[in-house]
Amino acid sequence: MRCPFCANDDTQVKDSRPTEDATSIRRRRQCGSCGARFTTFERVQLREVTIVKSGAKGEQRRESFDRSKIEQSVSLACRKRGVSQERIDQLISGIQRQVETAGEPEVPSARIGEMVMDGLKQIDSVAYIRFASVYRDFSEARDFEEFASSVAEAAKD
């Protein structure tokens, strides 16, 4: 594993342990050159999945599934909401497992977006609204208000 600080290839694993949800291995490493310490995670990948993204004018782009993109957007939506990192990791691992075990080599990005929204809806309503505002591309404050009021009505039921 290459050191993220000095790019040296000589790093040693100092400690390995499973994460709390047992879906990955956390490894503490130390660089033999600069002495810096850093953490890596090893996860199981069941199969290679391609994400199909729809663009402007009906264009479609394809790219490999990237867990870190979901992690980034969910973490941003949950920022300052008191949602534990463990809960976020469980949500993302569940989505990744669904995508990889679906048996489809290509998955539309819209389906993943809906999975994230469904998960956030169960975790935190504000994070759900934050994610939806970007995912559904709200263009005016009115769009935001209408969506937030629909979430509030659903919470009453």
* Asked: Roughly how far apart are Ile25 CD1 and Phe41 CZ, rounded to 0.5 Å?
  ->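 That separation rounds to 10.5 Å.
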* Can you name the side chain to side chain contact (heavy atoms under 4.5 Å, CB included) partners of Lys53, sequence neighbours left out? ->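 Checked Lys53 against side chain to side chain contact (heavy atoms under 4.5 Å, CB included); matches are Ile51, Arg61, Glu63, Lys69, Ser109.
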* **Which residues share a side-chain hydrogen bond (donor to acceptor under 3.5 Å, both in side chains) with Ser24, sequence neighbours left out** =>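 Per chain and number, Ser24 pairs via side-chain hydrogen bond (donor to acceptor under 3.5 Å, both in side chains) with Thr19.
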* **Arg67: partners by salt bridge (Lys or Arg N to Asp or Glu O under 4.0 Å), with sequence neighbours left out** =>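 Arg67 satisfies salt bridge (Lys or Arg N to Asp or Glu O under 4.0 Å) with Glu71 once adjacent residues are dropped.
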* Asked: Say you draw a straight line from CG of Asp66 to CD of Gln96; how long is it, rounded to the nearest 0.5 Å?
  ->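 Between Asp66 CG and Gln96 CD, I get 9.5 Å after rounding to 0.5 Å.
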* Asked: How would you list, by chain and number, every residue that makes a side-chain hydrogen bond (donor to acceptor under 3.5 Å, both in side chains) with Glu59, sequence neighbours excluded?
  ->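 Checked Glu59 against side-chain hydrogen bond (donor to acceptor under 3.5 Å, both in side chains); zero matches.
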* **Leu91 versus Gly119, closest heavy-atom pair with distance** =>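 The answer is CD1-CA, 3.4 Å.
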Identify each donor-acceptor pair in which a side-chain atom of residues 29-36 lies under 3.5 Å from a protein atom, sequence neighbours left out, and give them as a table.
{"from": "Arg29", "atom 1": "NE", "to": "Thr40", "atom 2": "OG1", "distance (Å)": "3.1"}
{"from": "Gln30", "atom 1": "OE1", "to": "Arg37", "atom 2": "NH2", "distance (Å)": "3.3"}
{"from": "Gln30", "atom 1": "NE2", "to": "Gly35", "atom 2": "O", "distance (Å)": "3.4"}

* To do: Give a yes or no on whether Met117 and Leu120 share a hydrophobic cluster (residues Ile, Leu, Val, Met, Phe, Trp, Tyr; joining criterion: side-chain heavy atoms under 4.5 Å apart).
  =>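 Cluster IDs for Met117 and Leu120 match.
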* Pairs where residues 105-120 contributes a residue and the test salt bridge (Lys or Arg N to Asp or Glu O under 4.0 Å) is met, not counting sequence neighbours ->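 Salt bridge (Lys or Arg N to Asp or Glu O under 4.0 Å) check on residues 105-120 returns Arg62-Glu106, Glu104-Arg111, Glu114-Arg136.
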* Asked: In Å and rounded to the nearest 0.5 Å, what is the CD to CD1 distance from Gln85 to Ile88?
  ->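 The CD atom of Gln85 sits 5.0 Å away from the CD1 atom of Ile88.
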* Apart from Phe5 itself, which Ile, Leu, Val, Met, Phe, Trp or Tyr residues share its cluster (side-chain heavy atoms under 4.5 Å, direct or through members)? ->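 Joined to Phe5, directly or through intermediates: Met1, Phe38.
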* Summary of ring pair (Phe, Tyr, Trp, His ring centres under 6.0 Å) pairs that have at least one residue in residues 73-128, sequence neighbours excluded ->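 Sorted pair list: Tyr128-Phe147.
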* Could you give all pairs that pass the side chain to side chain donor-acceptor pair (under 3.5 Å) test and reach residues 3-18, with sequence neighbours left out? ->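 Checked against side chain to side chain donor-acceptor pair (under 3.5 Å) - neighbours excluded - the pairs reaching residues 3-18 are Arg2-Asp9, Gln12-Lys14, Asp15-Arg17, Ser16-Arg27.
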* What distance do Arg87 atom CZ and Gln90 atom CD have between them, rounded to the nearest 0.5 Å? ->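 Taking CZ in Arg87 and CD in Gln90, the distance rounds to 5.5 Å.
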* Gly113 and Tyr135: which non-hydrogen atoms are nearest, and at how many Å? ->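 Minimum heavy-atom contact is CA-CE1, 3.6 Å.
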* CD1 of Ile92 to OG of Ser68: how many Å apart, nearest 0.5 Å? ->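 Interatomic distance, Ile92 CD1 to Ser68 OG, rounded to 0.5 Å: 9.5 Å.
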* All pairs passing ring pair (Phe, Tyr, Trp, His ring centres under 6.0 Å) where residues 67-110 contributes a residue, at least two apart ->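 Passing the test, one end in residues 67-110: no pairs.
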* Can you pull the salt bridge (Lys or Arg N to Asp or Glu O under 4.0 Å) pairs that have at least one residue in residues 76-86, sequence neighbours excluded? ->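 Listed by first then second residue: Arg81-Asp124.
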* Under the side-chain contact (heavy atoms from CB on, under 4.5 Å) rule, what do Val99 and Phe65 come out as? Steps first, then yes or no, please. => CA-CA 9 Å; Val99 168; Phe65 177 80; 4.2 Å; yes
* **Non-neighbouring partners of Thr39 that pass side-chain hydrogen bond (donor to acceptor under 3.5 Å, both in side chains), sequence neighbours left out** =>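 Residues passing side-chain hydrogen bond (donor to acceptor under 3.5 Å, both in side chains) with Thr39: Arg28.
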* Which atom names give the shortest non-hydrogen contact between Arg130 and Cys78, and what distance separates them? ->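 Heavy atoms only, the tightest pair is NH1-C, 4.1 Å.
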* Mind checking the CG-CD spacing from Leu76 to Gln72? Nearest 0.5 Å is all I need. =>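 Leu76 CG to Gln72 CD: 7.5 Å, rounded to 0.5 Å.
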